[in-house]
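For reference, the structure is listed below as structure tokens.
Keep in mind that this is a model prediction, so the values were computed, not measured. Atoms within each ligand, like the ligands themselves, are counted from 1 in listed order.
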Amino acid sequence: MKLLIIGNGAREHSLAYKLSQDTRVEEIFVAPGNGGTANEFKCKNIDIKANDIKALLEFAKSNSIDLTVTGGEEALSLGIVDLFVEEGLTIFGPTKAAAEIEASKSFAKDIMSVASIPTASYEQFEDYDNSVKYIETNNTYPIVIKADGLAAGKGVVIAYNIDEAKTFLNSIFNDKIFGVAGNKVIIEEFMKGEEATYTAITDGDSIYPLDISQDHKPIFDNDTGPNTGGMGAYTPVPLVDNATFSFVTRNVVVPMLRELHGRGIPYRGVIYAGLMIDHSVAKDKDDSKRGGCGSNCGCASNTINTNEIRVVEFNARFGDPECQVIVSRLDTGVLDVLLGSAGGEFGDIEVKRNENEVVTVVIASKGYPSEYETGHEITGIEKAEEVEGVKVYHAGTKIDENGKLVTAGGRVLSVTAMAITLEEAKVKAYKAIKEINFKDMYYRTDISDKAFKNI
Ligand code: AMP
Ligand code: GLY
């Protein structure tokens with residue numbers, strides 16, 4: 001089979017790597033790919049941007065691609081799935097209408113509200129004056145302000161006072177910093193707690209469960225500094241047991257899919273639910289009223305009764321860096337899950353999973369998520385991969401005109417380590433990182449520590 005993977009991050013490299021191990025796969029094209037996918041087994045980069053969906057269609061048609069896999073949200077929200085399906089091609093991911101669960105926060109909030117999915121209370125606004133009037137009346141801080149549309153991870157601000165709130169609202173409505181993505185704004189209640197990512201795949205009817213993982217969004221240790229795309233992740237998450245996964249499937253994902261279906265929008269592809277889990281919800285509260293497992297739920301969890309789980313956001317694709325840790329636990333059958341989802345029926349898929357625990361640490365260019373330099377030579381990746389259980393996925397890298405591997409983006413590498421325990425996986429990841437070098441490299445030193453703290 002010939003595959004096409006769209007994107008240039010470590011997420012796409014990890015998918016390419018995993019799919020390359022399937023004996024049925026002969027060739028994988030990655031558009032546009034990176035310095036890692038350029039040299040990966042069976043892989044070849046092609047020079048088409050991830051948002052050039054017409055050129056991608058032409059490529060898929062003329063190269064008889066059997067399955068296309070979209071990594072990021074942009075192509076989905078441009079309707080790449082609709083376009084490919086119209087032309088009779090097989091593509092993994094939701095249609096444009098279904099991908100609105102990520103591309104429009106007001107759409108996602110409306111679905112959650114109608115389907116009684118636990119989330120922060122919110123109001124939505126389409127102009128500056130009314131939004132400011134609301135925050136003046138509400139006067140509760142912190143408060144969360146979100147641009148409605150896709151804003152490359154920059155569309156959310158947690159405002160701690162009225163000035164911060166007004167400044168952000170002004171930049172959205174009056175300065176139009178997000179263009180049409182800021183035509184609407186959601187203002188919502190601040191939720192406290194620990195974040196975790198739920199990931200599953202659906203064929204439109206049934207759900208193939210993957211894992212809960214935990215991202216580390218802020219740039220500095222101890223979750224300080226500005227938010228990034230994600231500086232590291234791990235799975236499993238001790239905070240969230242298997243029964244909690246089932247709880248989320250039942251109380252968040254199924255109602256969401258049913259509501260979409262009822263609106264004539266079938267959903268296929270990855271379902272990513274960003275969760276906020278508040279363990280401080282008192283144990284002695286009546287759980288049946290808190291969205292926890294009440295006696296009618298039927299789930300066997302002992303721990304969930306003390307949690308409060310609410311949805312922060314839905315995404316229509318794998319997370320990055322969450323994907324890197326999730327796919328590491330799948331040994332075989334990934335191709336079947338993707339094909340089954342794309343075809344609308346999983347059928348008798350057989351997936352072999354491993355019980356490893358996985359940590360990935362992102363190495364970034366100093367200055368990211370603001371300004372940073374590129375073009376610095378990267379060395380030591382082969383040595384890093386000599387550490388048992390380690391695989392280095394590339395993100396912002398490229399092969400320059402002299403054939404050298406150089407930095408080409410903010411997030412550069414995702415050093416991923418598998419071991420029997422998270423503790424060992426963390427040690428291996430950081431041991432591998434010590435072998436890697438480029439000018440001004442930066443990484444957090446505490447990835448996965450949240451797993452070990454007393455909760
Ligand atoms: P989003 O794009 O909606 O996922 O928001 C980006 C990040 O902002 C999330 O990962 C959270 O860290 C934070 N965030 C968003 N909404 C809330 C909320 N209601 N309460 C607390 N933090 C939030
Ligand atoms: N790591 C967060 C995301 O992919 O949305």
Side-chain angles (χ1 to χ4, degrees), residues 7 9-12 14-15 70-74 76-77 99 101-109 112 117-124 138 140-160 165 168 178 181-182 184-199 210 212-219 223-235 270-278 308-327 360-362 364 369 393 395 410-411 414 444 447 450:
R11 166 181 52 206
E12 289 77 18
S14 70
L15 289 168
T70 47
E73 64 279 12
E74 198 183 3
L76 296 173
S77 72
I101 60 159
E102 171 165 7
S104 167
K105 291 191 189 295
S106 58
F107 179 80
K109 287 301 252 189
M112 287 190 261
I117 296 168
T119 186
S121 58
Y122 75 105
E123 296 287 337
Q124 82 185 41
N138 191 55
T140 315
Y141 295 95
I143 198 160
V144 184
I145 303 176
K146 303 184 174 186
D148 183 51
L150 295 177
K154 298 197 163 81
V156 178
V157 153
I158 297 172
Y160 287 87
F168 193 50
F178 302 124
K184 261 190 230 164
V185 158
I186 298 289
I187 302 185
E188 70 178 30
E189 168 200 2
F190 175 80
M191 298 184 282
K192 62 184 174 60
E194 286 265 2
E195 284 183 75
T197 302
Y198 166 105
T199 310
L210 290 168
I212 300 278
S213 53
Q214 192 168 46
D215 188 9
H216 296 64
K217 285 198 174 111
I219 184 78
D223 282 346
T224 52
N227 265 357
T228 67
M231 293 301 293
Y234 66 91
T235 189
V270 175
I271 299 164
Y272 170 127
L275 308 173
M276 189 68 81
I277 303 177
D278 184 0
E308 179 160 277
I309 298 184
R310 291 196 282 175
V311 175
V312 179
E313 62 165 347
F314 284 117
N315 287 331
R317 39 122 192 128
F318 285 111
D320 184 346
E322 292 97 319
C323 184
Q324 292 89 294
V325 293
I326 289 170
V327 299
T360 194
V361 180
V362 169
Y393 296 116
R411 289 192 292 175
S414 184
R444 275 180 62 158
I447 301 302
K450 285 192 270 190

At a 4.0 Å threshold, what atoms of ligand 1 neighbour a non-hydrogen atom of Glu313? 1 (P), 2 (O), 3 (O), 4 (O)
Contact check, side chains of Met191 and Val312, non-hydrogen atoms, under 4.5 Å: yes
Do me a favour and list the nearest non-hydrogen protein atom to atom 13 (C) of ligand 1 with residue, atom name and distance? Ile158 CD1, 4.2 Å
Atom 3 (O) of ligand 1: nearest protein contact (heavy atom, Å): Lys146 NZ, 2.9 Å
Give the residue, atom name and distance (to 0.1 Å) of the protein heavy atom nearest atom 21 (C) of ligand 1. Met191 O, 3.2 Å
Let's go through Val270 and Thr199 carefully: what are the C-alpha distance in whole Å and the side-chain angles of both, what is the deciding distance for side-chain contact (heavy atoms from CB on, under 4.5 Å) to 0.1 Å, and is it a yes or a no? CA-CA 7 Å; Val270 175; Thr199 310; 3.8 Å; yes
Proximal atoms of ligand 2 relative to Asp320 (non-hydrogen, under 4.0 Å): 1 (N), 4 (O)
Quick one: nearest non-hydrogen protein atom to atom 7 (C) of ligand 1, plus distance? Asn227 ND2, 4.1 Å
Any nitrogen or oxygen of Val156 lying under 3.5 Å from a nitrogen or oxygen in ligand 1? Just yes or no. no
For a 4.5 angstrom cut-off between non-hydrogen side-chain atoms, does Arg411 reach Asp320? yes
Which ligand 2 atoms are under 4.0 Å away from a heavy-atom of Gly229? 1 (N), 2 (C)
Go through it in stages, so that I can follow the logic: the residues are Ser106 and Asp148, the test is side chain to side chain donor-acceptor pair (under 3.5 Å), and I'd like the CA-CA distance, side-chain angles, deciding distance and then a yes or no. CA-CA 6 Å; Ser106 58; Asp148 183 51; 2.9 Å; yes
Could you tell me which non-hydrogen atom of Ala364 sits nearest to which non-hydrogen atom of Met231, and how far apart they are? CB-CE, 4.0 Å
Per-atom contacts of ligand 1 with Met276, taking only distances under 4.0 Å to non-hydrogen atoms: 21 (C), 22 (N)
Shortest protein heavy-atom distance from atom 12 (O) of ligand 1, along with the residue and atom involved: Glu195 OE2, 2.5 Å
For ligand 2, does Asn315 get within less than 4.0 Å through its side chain, its backbone, both, or neither, judged by non-hydrogen atoms? side chain
Quick check: do Thr228 and His216 have side-chain heavy atoms less than 4.5 Å from each other? no
For Phe190, take its heavy atoms, then give the atoms of ligand 1 lying under 4.0 Å from any of them. 20 (N), 21 (C)
Give the numbers and elements of all ligand 2 atoms closer than 4.0 Å to a heavy atom of Tyr272. 2 (C), 3 (C), 5 (O)
Is the closest side-chain heavy-atom distance between Arg11 and Gln324 below 4.5 Å? yes
Check whether any side-chain N or O of Thr119 sits under 3.5 Å from a backbone N or O of Arg310 as a donor-acceptor pair, and report yes or no. no
If you scan protein heavy atoms around atom 14 (N) of ligand 1, the nearest is Val312 CG1, 4.0 Å
Atom indices of ligand 1, in the order listed, that fall short of 4.0 Å to a heavy atom of Glu188: 16 (N), 17 (C), 18 (C), 19 (N)
For Val144, counting its heavy atoms only, list the atoms of ligand 1 lying under 4.0 Å from any of them. 16 (N), 17 (C), 18 (C), 19 (N), 20 (N)
I'd like to know whether ligand 2 has Gly230 as a neighbour, heavy-atom separation below 4.0 Å. no
For the pair Arg444 and Asp223, find out whether any cationic side-chain nitrogen is under 4.0 Å from an anionic carboxylate oxygen. yes
Beyond-backbone contact of Val327 with Leu15, side-chain heavy atoms, under 4.5 angstrom: yes
Proximal ligand 1 atoms for Lys217, defined as those under 4.0 Å from one of its heavy atoms: 10 (O)
From Asp215 CG over to Ile447 CD1, what is the distance, rounded to the nearest 0.5 angstrom? 8.5 Å
Arg317 contact mode with ligand 2 (heavy-atom cut-off under 4.0 Å): side chain
In terms of atom number and element, which parts of ligand 1 are under 4.0 angstrom from non-hydrogen atoms of Lys105? 1 (P), 2 (O), 3 (O)
Lys154 side chain reached by Phe178 side chain, heavy atoms, under 4.5 Å: yes
Checking a contact table here: which protein heavy atom is nearest atom 1 (N) of ligand 2, and how many Å away? Asp215 OD2, 2.7 Å
Determine whether Lys105 and Val156 satisfy the following criterion, side-chain contact (heavy atoms from CB on, under 4.5 Å), listing intermediate values before the conclusion. CA-CA 11 Å; Lys105 291 191 189 295; Val156 178; 4.1 Å; yes
Within a distance under 4.0 Å of any heavy atom of Gly319, pick out the atoms of ligand 2 and give their elements. 4 (O)
